[in-house]
Amino acid sequence: MSRPGATRPDQAGKEATWEGARDPRIVDATAEFPGPRLKRIWETKPGLLGWFATVDHKEIGKRYIVTAFLMLIAGGLEALAIRLQLSRADQHLLTPEQYNQLFTMHGVTMIFLYASPVLSGFSNFLWPLLLGSRDMAFPRLNALSYWIYLAAGVFLYAGFVVGLGPDDGWFNYVPYASKTFNPGVNIDIYALGLILLGISTTVGSANFVVSFLRTRAPGMSINRVPILTWGTLTASAANLLAVPSVSLAFFLLWMDRQFDTHFFDASQGQPLLWQHLFWMFGHPWVYAIVLPAMGMVSDALPTFCRRPLVGYTPVALSTVATMALGFGVWVHHMFATGLPTVALSFFSGASLIITIPSAVAVFAWTATIWTGRPVIRTPFLFFASMIVLFVIGGVSGVMTGSVPVDWQLTDTYFVVAHIHYVLIGINVFPVIGAAYYWFPKFTGRMLNEKLGQWNFWTMFVGFNLGFFPMHLLGLLGMPRRIYAYSAGMGWETTNLIVTLGAFLFAFGVLLFLINVAWSLRRGPAAANDPWGGATLEWAVASPPPVYNFAVIPQVVSRHPLWEDSLAEGEARSSLTRGLLLDRGRETIGTTPLDGQPNLILEMPGDSLSPVILAAGLSLVFAAALGHAWWLTGLGVLICVAALITWFWPRRVHGDVPRESAHG
Amino acid sequence: MFTMVRFPVAAAFGHGPSSTAWPMSYLTTAGPRADPVTALVWGLILLSIAVSFLIAVLVVWGVLVRRVPGSDEGVASMAVSRPAGGLKWIWIGLVPTVGALVVALIWTIYAIRAVDSPGQSPALTIEVTGHQWWWELRYPGSSPNANFTSANEIHIPVGEPVLIELKAADVIHSFWIPALGGKTDAIPGRTNLTWIQADRPGVYRGQCGEFCGLQHAHMALVVVADPPEAFEAWRQAQLRPAPQAHDTVRAGQALFDAHCGACHTVSGTAAGGIVGPDLTHVMSRSTLAAGMLRNTRAARLGWISNPQALKPGARMPATDLSARELAGVESYLETLR
């Protein structure tokens with residue numbers, strides 16, 4: 001019995017047990033075969049039902065990105081309102097309550113509804129293309145993840161638009177978040193909305209982990225995957241461990257508020273418990289929303305330096321190391337809470353040590369520039385500038401990681417500066433760069449280069465003008481989360497500069513949106529591989545066909561498209577000759593480490609179950625908010641019905657029954 | 001930009017924060033609880049600037065040096081190669097990185113030790129309780145009639161360590177006098193300890209450092225460091241109950257007792273509320289409403305008539321006193337020295 005891929009030269013001696021129901025043939029893909037046949041198999045039905053039912057990872061990825069950018073715009077407008085209020089001393093544009101809801105929603109939006117989902121969007125679109133697969137491991141789960149994210153976003157904003165948004169900051173400390181001090185529905189919306197969002201994050205993360213382990217192209221061993229997938233994998237694994245902590249915290253808080261339990265109150269519970277539960281989640285989360293973006297830089301920066309990334313292995317390992325260490329630093333958010341100094345010293349040490357893997361990445365990128373041939377195009381500008389912004393955010397992180405220094409810095413604008421250098425520098429800049437880089441793959445058109453460079457410089461200057469002086473405000477003692485300050489504090493000039501910078505930065509983001517809107521219609525058509533990239537997504541058309549790859553590619557190196565140019569060995573990856581999987585929605589399953597094909601994965605088709613399940617779950621949460629328990633019950637019934645149709649047995653595609661294959 | 005340029009000069013030559021343009025800055029500090037940390041703050045700032053500058057130069061320089069002019073358009077057709085020598089960047093870069101981190105960690109632990117507890121036993125203990133949105137101060141004495149209570153204005157003797165026992169009455173607050181040391185949270189259900197010491201006489205401003213609700217922005221306090229004799233005189237004055245109201249203000253006192261006494265205490269009178277600040281010696285304090293207003297007649301009248309207009313959300317309700325009654329209450333307050 002032949003085992004596809006098992007006898008390739010580079011995999012000699014390593015064999016995987018073939019578990020597939022049949023042995024697929026190896027064929028050459030042509031324009032006539034098997035593309036048109038696969039198109040019929042994979043295409044989503046037109047019309048509204050098809051739109052709701054699609055499980056195509058590319059469609060879901062694009063929806064994630066568009067929704068996340070809408071959230072970025074909302075969060076940005078909130079920030080501009082905040083900056084107007086703070087532009088001068090003692091302004092009265094906003095009431096304290098409005099201000100508190102604005103800064104809370106700004107944080108909630110950017111951290112939960114933009115920064116993580118936008119990366120999920122890129123990864124959803126790109127992963128199967130990078131890995132040589134036809135979809136994520138669990139396409140319906142993928143759709144469910146998106147619909148719940150959308151529902152949670154609507155849920156969280158529903159209160160805010162009627163003036164009942166959460167108002168205790170994104171980390172929502174008790175007892176201010178308890179019913180006694182915050183009696184409105186504001187905090188309940190936040191609590192339930194975040195539990196709902198946690199479901200989306202959890203199922204999405206599980207999908208990434210399994211997709212990474214089992215859906216890579218034959219020959220794509222674990223040391224040949226793009227760094228972006230390492231970033232998303234580690235972030236996803238971390239989410240699976242971290243999200244339960246915050247979901248539990250919000251559930252207990254909701255119990256305290258609605259059913260008079262006493263988990264967090266001072267008399268019988270423990271207010272500090274909230275901070276532990278929140279930051280045990282919160283700090284790993286911060287790494288989860290930057291590591292995939294760092295992965296984008298690690299993969300795309302080398303394209304513009306015309307050489308492979310320097311130090312693939314150290315960078316991949318440091319990605320994992322950062323995440324692992326990221327679970328041991330949460331107390332650095334709590335240095336001023338009066339915990340024993342011995343404990344603080346430990347967390348201080350961990351917070352400084354976590355710099356080391358980050359430094360590995362910084363030096364690897366810098367070395368890639370110095371030993372490459374950098375080409376200045378818009379994506380490169382975003383990626384290269386990110387290195388510098390990352391370092392600024394990193395060194396200010398070291399400062400806050402030092403316990404006694406943090407006693408002064410914490411809860412001042414220094415921390416606001418730090419978090420924005422981290423989140424804008426390491427998330428927004430790479431994301432916009434990635435948008436320029438992969439836009440041709442998403443849409444088949446190029447973004448405008450000239451406008452792109454204006455876009456970059458406006459954002460770069462605006463960002464640094466807006467956020468660098470915040471370090472100084474922090475050192476001059478301006479606390480964060482104050483809606484007003486008086487003239488005698490010496491903060492006025494700097495605040496005015498910050499506001500001007502924020503508006504310039506916002507204008508830069510607007511230029512990006514204009515570029516997207518213009519290029520979607522008028523941008524020049526993109527070739528398959530407009531940048532001369534190294535990885536598999538550039539081997540397919542722009543935009544890719546619905547089935548991604550006509551035949552499953554066979555991979556022999558990290559840079560399948562650069563093998564001729566690099567000439568580092570005889571073996572060549574095979575992109576147009578490979579396994580034929582055309583008896584239904586199928587892709588190949590491979591072994592977790594070596595990427596040896598060992599089974600055919602039969603993929604589910606389009607289904608309305610995910611969107612109905614998401615609607616049912618939303619009903620459960622919305623009804624719980626109003627204590628309408630019969631509606632909660634109805635929501636549960638809808639969920640059960642959706643799950644029954646979801647798991648209803650399907651006809652298998654293979655024409656050889658499993659029993660006879662083994663018989 | 002003027003602020004930023006002028007800043008380091010003033011910081012280097014300023015004489016304590018009370019005399020600078022930045023009363024909340026901790027780049028110059030005035031006591032042994034703060035100074036060892038301030039040195040570390042400066043050390044890490046300079047290190048951070050140096051590292052950021054170095055990497056920025058490396059990136060920009062690298063792009064300029066390695067770039068092939070005119071190649072930008074043809075990126076897709078440019079050859080790819082793998083020149084050697086990249087990996088040594090990582091190892092060479094990591095050596096100073098690890099070195100700097102080890103130094104930072106050792107200095108950090110040294111600074112923690114240096115400020116962990118005062119070098120001599122504290123001269124006195126003050127109980128500070130955070131409220132939404134003001135600070136209650138209790139100075140315990142050797143006997144019950146040697147205790148007194150005040151608000152928002154801490155007096156301490158200069159040159160001596162003072163122990164602070166931190167509590168919170170409602171939500172979490174954070175005690176922070178930048179020139180005298182970093183933050184310590186006041187958490188309901190716990191008592192946190194910290195200490196301060198001012199080496200120079202002066203007024204040191206502080207502010208709540210943990211978001212605590214609507215008026216978190218207006219929850220300031222000051223520390224007044226007095227020479228020992230002046231501090232003792234102040235303490236003796238605070239211990240005295242309010243003087244017998246003069247006939248001219250007796251009507252005002254009656255109004256005060258009726259309208260304000262349920263929340264405020266004036267020691268030695270019928271007003272014994274504990275919800276709001278103790279007003280026995282309110283005229284000895286420089287500000288009202290937790291540092292928000294200077295303690296002037298106009299401010300007192302405005303504050304009493306409608307606190308919500310000045311500090312929306314504050315726990316003190318508007319009063320329905322007539323202008324005449326208001327003036328009477330204010331005249332009474334003026335006697336509380």
Side-chain angles (χ1 to χ4, degrees), chain A residues 96 169 173 175-176 181 266 271 306-308 310-311 314 336-338 341 345 348-349 352 355 359-360 363-364 366-367 369-371 373-377 384 387-388 391-392 395 399 402-405 407-408 411 472 475-477 479 481-484 489-490 493-494 530-532 562 565-566, chain B residues 2-4 21-22 24-27 37 40-41 44 48 51-52 55-56 58-59 62-63 66-68 71-72 75-76 78-80 82-83 85-87 89-90 93 97 101 104-105 108-109 111-112 116 171-172 174 178 182-185 187-189 192 207 209-211 213-214 217 312-313:
Chain A
Y173 277 3
Y176 185 56
F181 300 103
R306 309 314 295 159
R307 61 151 299 147
V310 168
T337 54
T341 46
S345 304
S348 194
L352 298 192
T355 313
V360 169
F363 291 120
T366 313
I369 291 175
W370 271 91
T371 58
R373 284 293 183 192
V375 172
I376 298 180
R377 296 293 292 268
I387 303 174
V388 178
V391 170
I392 296 174
V395 292
M399 289 186 66
S402 169
V403 175
V405 174
W407 287 335
Q408 293 280 20
D411 279 305
L472 185 70
L475 295 169
L476 296 179
R481 302 181 167 178
I482 55 170
Y483 76 95
M489 299 293 112
T493 318
T494 320
W531 312 110
W562 283 358
S565 202
L566 288 173
Chain B
F2 181 62
T3 317
M4 297 155 83
W22 301 279
M24 290 292 290
S25 173
Y26 43 89
L27 290 168
V37 179
L40 180 55
V41 168
L44 290 181
S48 298
V51 171
S52 305
I55 299 290
L58 275 178
V59 168
V63 172
R66 297 292 303 168
R67 183 175 175 223
V68 181
S71 64
D72 298 342
V75 53
M78 259 178 92
V80 178
R82 194 200 291 266
L87 268 182
W89 280 72
I90 297 179
T97 305
L101 288 172
L105 189 56
T108 291
I109 290 168
I112 293 176
D116 197 34
V171 304
I172 300 178
S174 196
K183 299 173 194 71
T184 307
D185 290 349
I187 300 172
N192 273 340
Q207 191 163 347
E210 182 69 78
F211 178 68
L214 288 176

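As a basis for the values below, the full set of heavy atoms in this structure was taken, side chains included, without hydrogen atoms, waters or symmetry mates. Residue numbering restarts at 1 for every chain, and letters A, B, ... go by the order of the sequence lines.
- Looking at B:Gln207, its side chain does come within 3.5 Å of a backbone N or O of B:Ala217 through a donor-acceptor pair.
- Note on A:Gly311, A:Ser402, A:Gly532, A:Pro530: by heavy-atom pairs under 4.5 Å with chain B, the leading option is A:Ser402.
- Contact annotation for A:Trp531: both backbone and side-chain heavy atoms come within less than 4.5 Å of a heavy atom of chain B.
- Only the side chain of B:Ile187 comes within contact range of chain A, with heavy atoms under 4.5 Å apart.
- B:Ser71 and A:Arg373 form no side-chain donor-acceptor contact under 3.5 Å, judged by distance and modelled atom types alone.
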Before giving the answer on side chain to side chain contact (heavy atoms under 4.5 Å, CB included), spell out for A:Trp562 and B:Arg82 the whole-Å C-alpha distance, their side-chain angles and the decisive distance to 0.1 Å. CA-CA 11 Å; A:Trp562 283 358; B:Arg82 194 200 291 266; over 6 Å; no

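- Ring to ring, A:Tyr173 and B:Phe211 are not that close: their centroids are 6.0 angstrom or more apart.
- When the candidates B:Thr184, B:Ile109, B:Val59 are compared by the number of heavy-atom contacts under 4.5 Å with chain A, B:Val59 comes out ahead.
- Counting heavy-atom pairs under 4.5 Å between each of B:Val68, B:Val41, B:Leu101 and chain A puts B:Leu101 at the top.
- Of the listed residues (B:Glu210, B:Met78, B:Lys183), the greatest number of heavy-atom pairs within a distance under 4.5 Å of chain A belongs to B:Lys183.
- With sequence neighbours left out, A:Arg481 forms a salt bridge (charged side-chain N to carboxylate O under 4.0 Å, His left out) with no residue at all.
- A:Tyr483 touches chain B through backbone and side chain together, each having a heavy atom under 4.5 Å away.
- Of the listed residues (A:Leu566, A:Ile482, A:Ile376), the one with the most heavy-atom contacts under 4.5 Å to chain B is A:Ile376.
- Of the listed residues (B:Val63, B:Val51, B:Thr97), the one with the most heavy-atom contacts under 4.5 Å to chain A is B:Val63.
- Counting heavy-atom pairs closer than 4.5 Å to chain B, the top-ranked of the candidates A:Ile369, A:Val388, A:Thr337 is A:Thr337.
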Full working for side chain to side chain contact (heavy atoms under 4.5 Å, CB included) between B:Ile112 and A:Ser345: CA-CA 8 Å; B:Ile112 293 176; A:Ser345 304; 3.7 Å; yes

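- Every residue two or more places apart in sequence or in another chain that forms a salt bridge (charged side-chain N to carboxylate O under 4.0 Å, His left out) with A:Arg377 is listed here: A:Glu449.
- Side chains of B:Ser174 and B:Asp185: a donor-acceptor N/O pair is present below 3.5 angstrom, by distance only.
- Contact of A:Pro314 with chain B is made through the side chain alone, with heavy-atom distances under 4.5 Å.
- Counting heavy-atom pairs under 4.5 Å between each of A:Gly349, A:Gly338, A:Gly169, A:Ala359 and chain B puts A:Gly338 at the top.
- Of the listed residues (A:Ser348, A:Ala364, A:Pro96), the greatest number of heavy-atom pairs within a distance under 4.5 Å of chain B belongs to A:Pro96.
- Interface residue A:Tyr176: backbone and side-chain heavy atoms are both found under 4.5 Å from chain B.
- A distance-only check finds a donor-acceptor pair linking the side chain of A:Ser565 to the backbone of B:Val80 [under 3.5 Å].
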When you look at A:Arg306 and B:Val75, which way does the side chain to side chain contact (heavy atoms under 4.5 Å, CB included) test go after all the steps? CA-CA 8 Å; A:Arg306 309 314 295 159; B:Val75 53; 4.1 Å; yes

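- With chain A as the partner, the residue from B:Gly189, B:Gly85, B:Ala111, B:Ser52 showing the most heavy-atom pairs under 4.5 Å is B:Ser52.
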